[in-house]
Protein chains: 2
Amino acid sequence: MVTIQDVARAAGVSTATVSRVMNHSGYVSEKTRKKVREALKSLNYSPNPFAKGLITRKSELIGYVLTNIENPAYVPTARGIQDAAWVRHYQVLIYNTDGNEAREIEFLSHLRRIRVDGIIHDSVETPESHLIRTHLSDLLNDGVPIVMLGTPIEGVRVDRVSINNAKGFHLIVEHLVQLGHRRIAFIGGPEKNFIAEDRLKAFVQSMESFGIEVDSELVRHADFRESGGYAEAAHLLAMDRPPTAIAAANDLMAIGVLRCARDHGVRVPEELAVTGFDDIRDATLVFPSLTSVVVPSYDIGKRSVAILFERIDGVDRLPEEIFIEPVLAIRESTVPRTARRAKREAASR
Amino acid sequence: MVTIQDVARAAGVSTATVSRVMNHSGYVSEKTRKKVREALKSLNYSPNPFAKGLITRKSELIGYVLTNIENPAYVPTARGIQDAAWVRHYQVLIYNTDGNEAREIEFLSHLRRIRVDGIIHDSVETPESHLIRTHLSDLLNDGVPIVMLGTPIEGVRVDRVSINNAKGFHLIVEHLVQLGHRRIAFIGGPEKNFIAEDRLKAFVQSMESFGIEVDSELVRHADFRESGGYAEAAHLLAMDRPPTAIAAANDLMAIGVLRCARDHGVRVPEELAVTGFDDIRDATLVFPSLTSVVVPSYDIGKRSVAILFERIDGVDRLPEEIFIEPVLAIRESTVPRTARRAKREAASR
DNA sequence: TTGTACGCGTTATCAA
DNA sequence: TTGATAACGCGTACAA
């Protein structure tokens, strides 16, 4: 491998000068600069990142800790992070915890070992042990900035970007109420899960704001997965007085609800309205397409990296929390296509 | 940051001894080892990867170059790669080319700069310029092993893992023929695209093997995207003698076909059978669920890394090509649910 | 079994 | 405007 020495020799200058040309630092005469450039090119030189990192203490790497990249809700965020990072030629390391704390701890210590310049932490699980908190604190003490996306970790005060779940569910409930629904069921995530609780609270408060008391029979807990949505929908549809609408806490469960309705011969949206949350791409691919809360995940990814870079650049201010406002995408799972067309035409008149 | 010197001092030994303990190399007495272990722990030491890399010349990083991680067909592969890499505590850098050659070239030189230990190259595009080849050759000359997954690059002889498209389409055509279809349309990828051509050829040969001549009117080119599948399906369904089955070269296009059929009031599978390729998760989520060729993407990812590690470890042999045999997943888009149930029952008798 | 000292390839400081 | 050289923190050959 060609080193800076080889380039210096070829250009007939010192290594210091080559370094100056490479890093656009210090003074170099135009003539020397040209010589060096040529040597650089002809030798196809690329600086050794290890030697460089030893001095600069920057790895130009950021870590993205998430539950599982196979969950489509994460993919646009990951892509947003990658794109924003690449603007400064940073690369992103993806760590799939699968909700396993031991794994996450391994990952956090790896992140520390390899000296990432920053971390984006995005997990749906609420950790039970304090070890994760300890490791995150160690990282912070080392000066590694962290931006939180999913579940906040108790006692770790860092910048946070979060979705306004209250607003999201207000949009959902408002929409359903306008359609005449009063008996609205909710399929949430696991108990003792921060995000699940936040969305449940958001649902209940929205209902109350419309003067509807929530029937506790209609509040179900599942696992954020399609199969969980299916199972809970089956339960709800088998009730003596089944709900006329089911609001799921995420799209995957809502898709499970759709499948369950179809299997039980329940027509959507005529007999049952269904809504999701996240607006993953599948929401538009399924039939009927799913009314969902649009979370601008790609932008959230970009935004997180912007904050991370501020910290990497040494900006010093108190941790802040940014709320992202979602919007509603109305589709066939709540409003029949013909009705939507009629509505659109009425609006355009 | 604590260094090996600090640990040595704390343990009352030399840095060499600490290094020996850390790397399980050389002889260290049990007593000293214990002292060092304690110092290691109490100082919460982690070796500087830059200094280490400078010596070992290993970054413990591998690059995964693909078209776009937002395409669900890639996600399981990425996850397989990550999981297999993590077994040796390697991490994976994802590079989304978006089919843009300039971007890919930037990426390849970044990969070289940061001294990744290996590369997995997985692209649907067939590059037009020779620059990509040049960069890949540079990498190979530097001793960086490469495993190809998608489109082979002309003139770059490396290990390759590829799907047996011929087998895949044979399964599709066989299935459709058994159902009585003869007038089968094909919606492929762009012209001059390796994978698209390979799958088209696979389709044509399968058809011929069943003694069916392919009507060139029924062979369409699209872009591997849902919208492309929709548009070509619209064209096919508007023909005087429309096909009774449409085989798409990937699932996304097939899902577009399903949507188009629904919009035109064509019942699937009764009036039109539809098949995909890749078996992305959406294939089971859509309605009707999609008959598709199951490509074991996760395993392909793992397999690629296994080969990469062999090369990283210095195995010396000629480049080999591994063919992955796909299987068929029969779902509602070709066989009505009731028929499948009947069939199953008949089989179990 | 342990320690000393060199070299890995940069960047940065200081002197020229 | 340029060059010599001292770090950076580790692994390892060699000496003890």
Side-chain angles (χ1 to χ4, degrees), chain A residues 1-40 43-61 89 110 112-117 142-144, chain B residues 1-40 43-61 89 110 112-117 142-144:
Chain A
M1 194 86 263
V2 27
T3 75
I4 200 171
Q5 308 257 16
D6 301 321
V7 180
R9 209 163 12 236
V13 298
S14 72
T15 60
T17 300
V18 177
S19 176
R20 278 189 276 260
V21 172
M22 297 255 358
N23 301 300
H24 309 281
S25 66
Y27 296 98
V28 182
S29 76
E30 202 42 59
K31 213 173 112 198
T32 337
R33 188 185 304 277
K34 205 181 149 208
K35 274 194 303 184
V36 173
R37 284 249 174 76
E38 279 163 9
L40 245 24
L43 292 178
N44 199 7
Y45 167 72
S46 81
N48 184 312
F50 303 120
K52 189 169 175 168
L54 208 44
I55 308 276
T56 62
R57 296 166 174 288
K58 288 267 173 287
S59 61
E60 301 183 344
L61 252 28
H89 284 194
H110 187 252
R112 182 161 178 270
R113 266 217 317 280
I114 66 171
R115 307 292 204 275
V116 289
D117 293 348
D142 289 352
V144 181
Chain B
M1 195 84 263
V2 25
T3 75
I4 199 171
Q5 309 255 17
D6 302 320
V7 180
R9 210 163 12 237
V13 298
S14 72
T15 60
T17 301
V18 177
S19 175
R20 279 189 276 260
V21 173
M22 298 247 10
N23 300 301
H24 310 281
S25 66
Y27 295 99
V28 182
S29 76
E30 203 42 60
K31 211 173 115 198
T32 333
R33 188 185 304 277
K34 203 180 152 209
K35 275 195 300 185
V36 173
R37 284 251 173 76
E38 279 163 10
L40 245 23
L43 293 177
N44 198 7
Y45 168 71
S46 79
N48 184 312
F50 303 120
K52 189 168 176 166
L54 210 43
I55 306 271
T56 63
R57 296 169 176 285
K58 287 268 175 284
S59 61
E60 300 183 346
L61 252 26
H89 284 196
H110 188 253
R112 183 160 178 271
R113 266 218 317 282
I114 67 172
R115 308 292 204 275
V116 290
D117 293 348
D142 288 352
V144 181

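A note on names: the letters A, B, ... follow the listed sequences, proteins ahead of strands, and every chain is numbered from 1.
The nearest whole Å value for the distance from the CD1 atom in I4(B) to the C1' atom in dT4(C) is 14 Å. Between N48(B) atom CG and dA7(D) atom C1' there is a gap of 13 Å when expressed in whole angstrom units. Rounded to whole Å, atom P of dC8(C) lies 11 Å from atom CG of D6(A). Distance Y45(B) OH to dG11(D) C1': 10 Å, rounded to the nearest Å. At whole-Å resolution of the value, CZ in R57(A) and C1' in dT10(C) are 13 Å apart. Look at CZ on R9(B): it is 13 Å from C1' on dG9(D), rounded to the nearest Å. For the pair I114(B) CD1 and dG9(C) P, the computed distance is 18 Å after rounding to whole Å. Between the P atom of dG9(D) and the CG atom of L54(A) lies a distance of 7 Å, rounded to the nearest Å.
For the OP1/OP2 pair of dT11(C) and a distance below 4.0 Å, the side-chain nitrogens and oxygens of T56(A) include no atom meeting the criterion. Within the 4.0 Å cut-off from OP1 or OP2 of dT2(C), not a single side-chain nitrogen or oxygen of T17(B) is found. Close to dG3(C), at under 4.0 Å from its OP1 or OP2, lies a side-chain N or O of S14(B). Residue Y27(B) has no polar side-chain atom (N or O) positioned under 4.0 Å from OP1 or OP2 of dG3(C).
Each of A16(A) and I55(B) has a nearest nucleotide on DNA chain C; the 5'-most of these lies closest to I55(B). Remark on DNA chain D: of its neighbouring residues N23(B) and T32(A), the 5'-side contact belongs to T32(A), judged by nearest-heavy-atom nucleotide. Heavy-atom nearest nucleotides on DNA chain C were determined for V28(B) and for S19(A), and the one closer to the 5' end corresponds to V28(B). Comparing T15(A) and K31(A) against DNA chain D, the residue whose closest nucleotide sits nearer the 5' end is K31(A).
Between the side chains of R33(A) and T17(A), no donor-acceptor pair of N or O atoms lies under 3.5 Å.
With hydrogens and angles ignored, the 3.5 Å screen pairs no side-chain donor or acceptor of R57(B) with any backbone N or O of I55(B).
S29(A) comes within contact range of the sugar-phosphate backbone alone, with a heavy-atom separation under 4.0 Å but no base atom that close. Among the heavy atoms of the strands lying under 4.0 Å from R20(B) is at least one base atom, whether or not backbone atoms are also near.
Within the 4.5 Å cutoff, side-chain heavy atoms of M22(B) are placed close to those of P47(B).
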Residues N48(B), L54(A); criterion side chain to side chain contact (heavy atoms under 4.5 Å, CB included); working and verdict: CA-CA 8 Å; N48(B) 184 312; L54(A) 208 44; 4.1 Å; yes
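Nearest to the side-chain atoms of K52(B) among the listed nucleotides dG3(D), dT10(C), dC10(D) stands dC10(D).
When every heavy atom of V28(B) is checked against every heavy atom of V21(B), the shortest pair comes out as CG1-CG2, 3.9 Å.
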